[in-house]
Student: 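Below is the structure I would like to discuss, written out as structure tokens.
Start at 1 and go down the list; that is how both ligands and their atoms are numbered.
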Amino acid sequence: MNNQQNPKAIIVIFGATGDLAKRKLFPSIYRLYQNGKIDDDFAVIGLARRPWTNEILRDNVEQSIKETNASKSDVDKFTSHFYYQSFDVTEASSYQGLNDLMQELEGMYNTNGNRIFYLAMAPEFFGTIAVNLKDYCLEMSSGWSRLVIEKPFGHDLPSARALNSQIREAFDEDQIYRIDHYLGKEMVQNIEVIRFANGIFEHLWNNRFISNIQITSSESLGVEERARYYDHSGATRDMVQNHMLQMVALLAMEPPIKLTTDEIRSEKIKVLRALRPIDDSEVDENFVRGQYGSGHLHGKDVQSYRGETDELKDSHTETYVAGKVMIDNYRWAGVPFYIRTGKRMAEKSTNIVVEFKDIPMNLYSEDDGNKNPNLLVINIQPNEGITLFLNAKKAGHGSAAQPIQLSYNNNGVHGINTPEAYEKLLYDCMLGDATNFTHWDEVAFSWAYIDAILNAWSRRTPDFPNYTSGSMGPKEADDLLAKDGFHWWPIRDVVQ
Ligand code: BG6
């Protein structure tokens, strides 16, 4: 890892006219600039098909950072670092032009020949771009070159493998930064610290003391304008293959022997390798898929997934998935990790509930005889913090117990937004720190795990829609836990 404080680089964005660039990348680069993390030694080259000019790109960048209320002169100074080139990803001349522009800018800005190629566009071109970059843009560079690649990384394991080998023709594994923006979230990064910096948790963090772990990432939004992408993806590819399994890995990994990229990644890889494969005949017992019907959410009537656009009217794509993930290793044998994620659910919230087993002989219950397990709740978003649910004596006569909470809240320090995650990840990439990016082995094991589920599902037509917009998903997702004697901890209880 390079510890240089103000990294210098040219950032080339493929897909500069797109949504990701506008919503996440430009604001993130601006914040790095504003916070002094990058200095004047940078330039951004925006590439896309449209016949834009530098001025049009700069106007767009200005629009995308207008919420920061920066002064006009600051904005002008910042946007002057942006250059646009109209680009055809299949045309050699485009890459030659890009190389010429990079060399020209390297003369103007003191970037030491360092280059980041950020692929923020349709994944079908990822391979072509990598191969062309190798032919036209990598050899002449005197600094480092890194490739940042957005998801989806393939559609299944075979396509991910094919893509990976194309990319590897041009870039080594340690030059490839596969983005999973959940890994940039403050509280996702905090999982490791909460676990490994606290004796009171880590000693209990295993199958002797934990009964189950629940990870929920619910969204109240529907499919929005992404019907085409989403309908080919579905919730499992969109959220489980990456974000949800990454959280499982962080919760389940062994302590790394050092805080280095390789050590941390290798512990995560071991978890993903130990995921119990789901046999075709066991899929329905362990995984539930759903698609939202119409309903009522935040005071408004909302339509079903199939009603969102014409192209979705016969869709069998899942917008919800819940599953029981088992990890076959010494620490976790027998402990279910329940995951669930979906669109048009009651609330936007991501949280983790670690439920501890009861003690061998607990004589203390609430007045009604109810006993409450200890829970450790990690709130990822919108609130950021942790809450520990304990039992204490109910004031007054007798020895009845009542649940109490110890909470730490990070609210106000960081908001819900992902630009912060992107900002951190982009900076990590500039510094050469790949810890919070996914290694190929993580990607491959995750695909192998979910491919089995998707293959089984593809052979059976689901009975959709099966959950109402504004609910927490289909009833079968509750049954999944009920059969094991558990229940989902309601969001309202765990999010404080
Ligand atoms: C993205 C998915 O990776 O994550 C989206 O493609 C989803 O469908 C988003 O909405 C959720 O991210 P966040 O940060 O809002 O929880």
Student: Are Y292 and Y320 near enough that their ring centres are under 6.0 Å apart?
Tutor: no
Student: Need the ligand 1 atom indices (1-based, order shown) with element for anything under 4.0 Å from a heavy-atom of K343.
Tutor: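 Result: 5 (C), 7 (C), 8 (O), 10 (O).
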Student: At a 4.0 Å threshold, what atoms of ligand 1 neighbour a non-hydrogen atom of D238?
Tutor: 2 (C), 5 (C), 6 (O), 8 (O)
Student: Going by the order shown, which atoms of ligand 1 are within less than 4.0 Å of some heavy atom of Y182?
Tutor: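 Selected atoms, number and element: 12 (O), 13 (P), 14 (O), 16 (O).
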Student: Please list, in number order, the atoms of ligand 1 under 4.0 Å from a heavy atom of E219.
Tutor: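 Checking each atom against E219, I get 7 (C), 10 (O).
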Student: Step through it carefully: locate the ring centre of H243, locate the ring centre of H181, and say whether they are under 6.0 Å apart.
Tutor: yes
Student: Let me check something: any side-chain donor-acceptor pairs from residues 297-305 under 3.5 Å, sequence neighbours excluded? List them with distances.
Tutor:
unit_1: D301; atom_1: OD1; unit_2: H296; atom_2: ND1; d: 2.7
unit_1: S304; atom_1: OG; unit_2: G307; atom_2: N; d: 3.0
unit_1: Y305; atom_1: OH; unit_2: D231; atom_2: OD1; d: 2.6

Student: Give the table of side-chain donor-acceptor pairs shorter than 3.5 Å for residues 470-480, with sequence neighbours excluded, one pair per line with atom names and distance.
Tutor:
unit_1: S471; atom_1: OG; unit_2: T468; atom_2: O; d: 2.7
unit_1: S471; atom_1: OG; unit_2: G473; atom_2: N; d: 3.2
unit_1: K475; atom_1: NZ; unit_2: D479; atom_2: OD1; d: 3.2
unit_1: K475; atom_1: NZ; unit_2: D479; atom_2: OD2; d: 3.0

Student: For E355, run the side chain to side chain contact (heavy atoms under 4.5 Å, CB included) check against V335, I210, L375 and tell me which one passes.
Tutor: L375
Student: Using a 3.5 Å distance criterion without hydrogens, assess whether the side chain of R340 forms a donor-acceptor pair with backbone atoms of S217.
Tutor: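 No, the answer is negative, given that no donor and acceptor are paired below the 3.5 Å cut-off.
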Student: Among E420, K348, M239, which residue places a heavy atom closest to atom 13 (P) of ligand 1?
Tutor: K348
Student: Is T350 in polar range of ligand 1, meaning some N or O pair under 3.5 Å apart?
Tutor: no
Student: Atoms of ligand 1 less than 4.0 Å from K151 heavy atoms?
Tutor: 1 (C), 2 (C), 3 (O), 6 (O)
Student: Considering only heavy atoms of K185, which atoms of ligand 1 have at least one such atom less than 4.0 Å away?
Tutor: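 Listed by number with element: 13 (P), 14 (O), 16 (O).
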